[in-house]
There are 2 protein chains.
Amino acid sequence: MQAETHAELPRRGAILAAATQLFLAHGYAGASMSAVAAACGIRKASLYHHVPSKEALFSACVTEAYDAATEALSRIRDDPTLGHEDRVRAAFGEVYRVVVDSPVGRLSPIIAEVALRFPGVARAFHESFVVRQHEIMNAILAAGVAEGAFAPHDVLAMEHLIFGPPVTLSLSREMFASFEDRDVLLPVERVRDGHCDLVLRLLRAS
Amino acid sequence: MQAETHAELPRRGAILAAATQLFLAHGYAGASMSAVAAACGIRKASLYHHVPSKEALFSACVTEAYDAATEALSRIRDDPTLGHEDRVRAAFGEVYRVVVDSPVGRLSPIIAEVALRFPGVARAFHESFVVRQHEIMNAILAAGVAEGAFAPHDVLAMEHLIFGPPVTLSLSREMFASFEDRDVLLPVERVRDGHCDLVLRLLRAS
DNA sequence: GTCTATATTTCGATAGAC
DNA sequence: GTCTATCGAAATATAGAC
């Protein structure tokens, strides 16, 4: 009951969610504190009771978005019931989900916008999200190589070959979000499955 | 002599170049008309003598950037002296050059920022740049398939496999431009060559 | 074609009542 | 913790002299 009453109040989580949506839609400079407050149903002055500054608000949006993003991928890496190829397929599904659908993946262009002003945000995003995702995926592939299921390969090139398409797909879907035929031009499932097939063929090849 | 005198004046090309740099560095909303004027060495009111509005200025930056971007790729497609694999390698070099180094490729995240407000800019960018680049690259691969040099493949997945890594590399280099070790983390040539090798192995495979 | 000056709005952020 | 009211700065854009 207490939880229900407070659920409609602009708690911190609701503020970060509303702010994230506005940053995604209009960029950092284009998302005003007034608009964030209005989306929360409060006035701008009240918003400053919850966050000390716009920079701190954006930093919190990024930080709290990636904090849980690598857990699902870690579980796939550690799942003993999966064969090597099924593990790669599951990992692709999780990467596409995080990069294309979740705020943390879609925030990348906004981080690029403020990277020069707030280098700490970019650095934290890189270390806490990008590097971790790459490390887990590399570990999944390395395990397959160690057991002879996958062929050795150029790790740097394979990293970009795996993460490049979903990141670009996410950016393209933001760029062309106003197109009525966006989901026909940029179908997530078809790209993901076709992409995964091609990568698996490379991993099998000697 | 006349050309030399006017070369130092803020002609249209110089204005677009300065504006592009500022849009890339600070985003659409973060790049002010005052800053653009200052970069051209004139006052803000004078800038409005050359462009009617900020939206028109940004639109011109995008349009005039992609107008010549597909010519080099077309020449590679039509070069009869190249073998199929060498043609693919040359095309990869051109794609990475355009996407990673040229303004037109790097403007993608800024277009995403304004896509909801200026859908026409996003549509023109898609039709005049993205679609054309994809069409030419598909034609290069299809010619190899027709002559038996390359194996048939999923065209949509291959498109994303080819363009995904360079676009993501470009975005990542913008995001992490403040890192002193950026060129070590994100080396363009190494990624490009490793990427091209992997794609060629896929094209050769049955 | 560039300038000074200004109109108008909105920005991020603060003060202080309740 | 939300509100009204406001600050100083900066935004886009315009007017009019030269």
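Letters A, B, ... are given to chains in the order of the sequence lines, protein chains preceding strands, and every chain is numbered from 1.
Pairs passing the ring pair (Phe, Tyr, Trp, His ring centres under 6.0 Å) check and including a residue from residues 98-121 of chain A, sequence neighbours excluded, read A:Tyr28-A:Phe118. Legend: side chain to side chain donor-acceptor pair (under 3.5 Å) pairs involving residues 92-106 of chain B, not counting sequence neighbours, sorted by first then second residue: B:Glu94-B:Arg97, B:Tyr96-B:His195, B:Arg106-B:Glu174.
Note that the SG atom of B:Cys196 and the CZ atom of B:Arg201 stand 12.5 Å from one another [nearest 0.5 Å].
Near DNA chain C, meaning a heavy atom under 4.0 Å away, there are no residues from residues 112-122 of chain B.
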Please list, pair by pair, any protein nitrogen or oxygen found under 3.5 Å from a nitrogen or oxygen in nucleotides 10-13 of chain C.
from	atom 1	to	atom 2	distance (Å)
C:dC11	OP1	A:Ser32	OG	3.2
C:dG12	OP1	A:Lys54	NZ	2.7
C:dG12	OP2	A:Met33	N	2.9
C:dG12	N7	A:Lys44	NZ	3.0
C:dG12	O6	A:Lys44	NZ	3.4
C:dA13	OP2	A:Tyr48	OH	2.8
C:dA13	OP2	A:Lys54	N	2.9
C:dA13	N6	A:Lys44	NZ	3.2

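What separates CZ of A:Arg11 from P of D:dT2 is a distance of 12 Å, to the nearest Å. The NE2-P distance, from B:His26 to D:dA10, rounds to 14 Å in whole Å.
Residues satisfying the side-chain hydrogen bond (donor to acceptor under 3.5 Å, both in side chains) criterion with B:Arg87, sequence neighbours excluded, are absent altogether. For A:Asp183, the side-chain hydrogen bond (donor to acceptor under 3.5 Å, both in side chains) test picks out A:Arg173, with sequence neighbours left out. With sequence neighbours excluded, no residue satisfies salt bridge (Lys or Arg N to Asp or Glu O under 4.0 Å) with A:Glu55. In terms of the salt bridge (Lys or Arg N to Asp or Glu O under 4.0 Å) criterion, residue partners of B:Glu64 (sequence neighbours excluded) are, by chain and number, B:Arg12.
Checking C:dT2, C:dT4, D:dC3 against every side-chain atom of B:Arg43, the shortest atom distance belongs to C:dT4.
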Identify every side-chain donor-acceptor pair in residues 158-166 of chain B under 3.5 Å, counting partners at least two apart or on other chains, and give the distances.
from	atom 1	to	atom 2	distance (Å)
B:Glu159	OE1	B:His134	ND1	3.2
B:Glu159	OE2	B:Asn138	ND2	2.8

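Side-chain nitrogen and oxygen atoms of B:His49 include none within less than 4.0 Å of the OP1 or OP2 phosphate oxygen of D:dT14. Contact annotation: B:Ser46 does not reach the phosphate of C:dG1 (side-chain N/O to OP1 or OP2, under 4.0 Å).
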